[in-house]
There are 2 protein chains.
Amino acid sequence: MKTKDRILQAALRQFNELGTDQATVRSIAEEVGISHGNLCYHYKNTDELIEALYLQLVAEISPFAESAFRPDIDLQEVWEQSWLTFQLMYRYRFLLLDFARIIRRIDSMRQNFRQLMVLRRQQFHHGLQQLIQRGWMEPEPLPGQYDHLVTQFLIVGNHWITESTIQFEQEGEEVVRYYHRAMMALLFPYLSEKGKQMHRELAPDGKSGL
Amino acid sequence: MKTKDRILQAALRQFNELGTDQATVRSIAEEVGISHGNLCYHYKNTDELIEALYLQLVAEISPFAESAFRPDIDLQEVWEQSWLTFQLMYRYRFLLLDFARIIRRIDSMRQNFRQLMVLRRQQFHHGLQQLIQRGWMEPEPLPGQYDHLVTQFLIVGNHWITESTIQFEQEGEEVVRYYHRAMMALLFPYLSEKGKQMHRELAPDGKSGL
DNA sequence: ATTATTTTAGAACAATTGTGCTAATTATTT
DNA sequence: AAATAATTAGCACAATTGTTCTAAAATAAT
C-alpha cells in the first residue's frame, strides 16, 4: 500500500481511538513507522489528515444518499440504505464526534459541508414525496411538519454517535442498530397502513433498549 | 461581585465566544483584570471552570425538568418549560457544543451526566404518561415507540445547538425557536385531537424555516 | 550511467499553555 | 494592635506541538 494510504489508515484508527486531540502527527507517524517530518511532507498537519478522511467519507456515503432520488424508492430500501450509511459513519466516528469544532476551524470543510446539507435536505424531501406517492406514507398532516421531520432526521443522523458516547460506555454494532432504529422510528407515525406493516417486519420487536 | 463570580462570568463569555480551545486561563484572567496566577488560585485550570459552569447549568435547569413530575402537567406547560430550558441551554452553549470531548476528559462530569440522563429518561417517560392520562396524547401505538421517542427527545435536546452551528452562521433567539419547534414537532403525531388543537395554537404557522 | 525528482529521517525552532512557586498585599480574626 | 489567613501578581519552568530546514537516500527519467 502507498505511504499516503497507510498514513490515512493509521490516522483514522488513532482519531477514532484517541480523539483528534491526542492523535498527533508524531504519534501517527510512529504507528506508520515513518518520521513525523516525512508525514508532514505528505500531509502538512492533522487538519489536512482530517479533511482527507472527511472527503473520503463523503465520497463513500454519497451513493447511498443519492438512492433517495431514485424514482422507484421503497420503504425497505430506505431502511437498508440508511443502515449501511450508519455503519459507514461509525467507521469514521471521530469525524462526527467533534464535528462542530472541526467545522469551526477548517474553512474548506465548513463550506463543503453546508453545501452538502442543502443537498441532503432536498434529497430527504424528495424521498418523502416518493414514499407518499407510492403509498408508504400519508401526506403531511400539518403544514411544515415534514420540514420539521427532515430537521429531526438531520439532527439524529448527524449526532447519534456523539449521543452514544455521552450516554454509554459501550461501542460496536449494537449501538449502531439502537440509534438506527431510533431514527427510523421518526417515520413510523406518518406511515400508511401498508407502511406500518412493513415497518413492523423491518423492526421486529424484542427489547429496543441497549 | 466576588472575584470567583466575575471569573465564571468572563469564562462563560469567552467559552461561548471563542470555544474551550481558544479561551485560556490567561485570556480569561486578562478579561477579569487579574493575573493568571490569581485565577489559578481560584480555579486550578480551565477544566475546573468548565465543571463549575456545568454544575451551574444543571442547577438552573433542574427545576424545569422536574416540572415533568408534577401530576397536573399540561401540554402548554410542557411547551413553556422546554422553551425556557432551551433558552437556558443557549446561554451555556459552549458546553453543549463540544460536550463529548469534555465528557471524555473530565471523569466527574461524565459520571454526573450519565446519572442525570437516567433520571431524565424517567422524567420524560413519566411526563408522557401524564399527558396520556390527561387526554393530551394517545397511548403508545407500537411497543417501544415511546422509548424511541424519548431517545429522539434526548438527541434533539442535547445536540440542537451543535447542529445549529454546523448548519448556519446565524445565532440568537430565532435559532433557538427554530429548533425548539423542531423538537416539539416530535410530539405532534402522537397528540390527541385536543392536543393537536393546542399544538396549533402554540405553534402558529408562518414559515417554519430560518 | 548520470541527472533530476521524489521521498525520507532527524534535528532544531518557536509558540503556547498549564502548573508551581515566592513574595507582597489585603482582609479577617483575636 | 498583632497575628493569622486569604488573596493577589508575576516570574519561571517543563512539556507539547506544529512547523521548517537540511541533507541523505531512493526512485524515476533521460
Side-chain angles (χ1 to χ4, degrees), chain A residues 1-55 94-95 97-110, chain B residues 1-55 94-95 97-98 101-110:
Chain A
M1 198 174 6
K2 284 263 184 268
T3 305
K4 284 193 92 152
D5 293 324
R6 285 194 300 139
I7 293 173
L8 277 192
Q9 190 183 331
L12 178 59
R13 205 196 64 76
Q14 288 204 15
F15 285 150
N16 281 337
E17 187 83 15
L18 312 168
T20 50
D21 284 336
Q22 302 303 316
T24 66
V25 284
R26 281 178 171 81
S27 70
I28 294 166
E30 190 183 22
E31 177 167 333
V32 180
I34 61 176
S35 69
H36 78 276
N38 186 9
L39 194 155
C40 289
Y41 170 77
H42 292 286
Y43 300 94
K44 281 184 80 69
N45 47 43
T46 48
D47 280 356
E48 284 198 3
L49 283 170
I50 291 171
E51 193 169 0
L53 287 167
Y54 165 76
L55 292 174
F94 86 93
L95 266 177
L97 251 173
D98 47 10
F99 204 56
R101 199 166 43 111
I102 295 172
I103 284 277
R104 188 170 196 160
R105 208 171 44 215
I106 309 178
D107 282 14
S108 54
M109 268 185 70
R110 183 171 59 249
Chain B
M1 196 171 14
K2 285 263 184 268
T3 305
K4 284 192 93 154
D5 293 323
R6 286 194 297 139
I7 292 172
L8 276 193
Q9 191 183 329
L12 177 59
R13 205 195 64 75
Q14 288 203 13
F15 285 151
N16 281 337
E17 187 83 15
L18 312 169
T20 51
D21 284 336
Q22 301 304 317
T24 66
V25 284
R26 281 177 169 82
S27 70
I28 294 166
E30 190 183 19
E31 176 167 335
V32 180
I34 62 176
S35 68
H36 82 275
N38 185 10
L39 193 154
C40 289
Y41 170 77
H42 292 285
Y43 300 94
K44 281 183 81 71
N45 47 44
T46 48
D47 279 357
E48 284 198 4
L49 283 170
I50 291 171
E51 193 169 1
L53 287 167
Y54 165 76
L55 292 173
F94 85 92
L95 266 177
L97 251 173
D98 47 9
R101 198 167 44 114
I102 294 172
I103 284 276
R104 188 170 197 162
R105 208 171 44 214
I106 308 178
D107 283 14
S108 54
M109 269 185 69
R110 183 171 59 249

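Below, chains carry the letters A, B, ... as their sequence lines are ordered, and counting in each starts from 1.
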A/Arg26 CZ - C/dC13 P separation (whole Å): 14 Å
Gap between atoms CD and C1', on B/Glu30 and C/dG18 respectively (whole Å): 17 Å
Length of the NE2-C1' vector between B/His36 and C/dG18, whole Å: 8 Å
Residue pair A/Ala23 / A/Leu18: nearest heavy atoms and the distance that separates them: N-CB, 4.3 Å
Where A/Ala29 and A/Leu39 come nearest, the two heavy atoms and their spacing: N-CD1, 3.5 Å
Spacing between B/Tyr41 atom OH and C/dA23 atom P, to the nearest angstrom: 18 Å
Test item: side-chain donor near acceptor, B/Gln22 and B/Ser27, under 3.5 Å: no
Nearest-angstrom distance from the residue atom NZ of A/Lys4 to P of C/dT8: 11 Å
5′-ward residue of the pair B/Gln22/A/Leu39 relative to DNA chain C: A/Leu39
Interatomic distance where CD1 belongs to B/Ile34 and C1' belongs to C/dT26 [whole Å]: 15 Å
Sugar-phosphate only, base, or nothing, as touched by B/His42 at under 4.0 Å among non-hydrogen atoms: sugar-phosphate
For D/dT22, the Watson-Crick or wobble partner whose two distances fall under 3.5 Å: C/dA9
Side-chain N,O (A/Asn38) to OP1/OP2 (C/dG10) below 4.0 Å: no
A/Arg101 side chain to B/Thr20 side chain, donor-acceptor N/O pair below 3.5 angstrom: no
B/Glu30 atom CD: more than 12 heavy-atom contacts under 6.0 Å: no
Validation row: A/Phe94, A/Ile50 side chains within 4.5 angstrom (heavy atoms): yes
Span of DNA chain D in contact with chain B (heavy atoms, under 4.0 Å): D/dA6 to D/dA12
Most 5' of A/Val25 and B/Gly33 on DNA chain D, judged by nearest nucleotide: B/Gly33
Separation of C/dT19 C1' from B/Lys44 NZ (nearest whole Å): 7 Å
Contact summary for A/His36 and A/Arg26, nearest pair of heavy atoms: NE2-NH2, 3.5 Å
Nucleotide paired to C/dT22 in any strand shown, Watson-Crick or G-U, under 3.5 Å: D/dA9
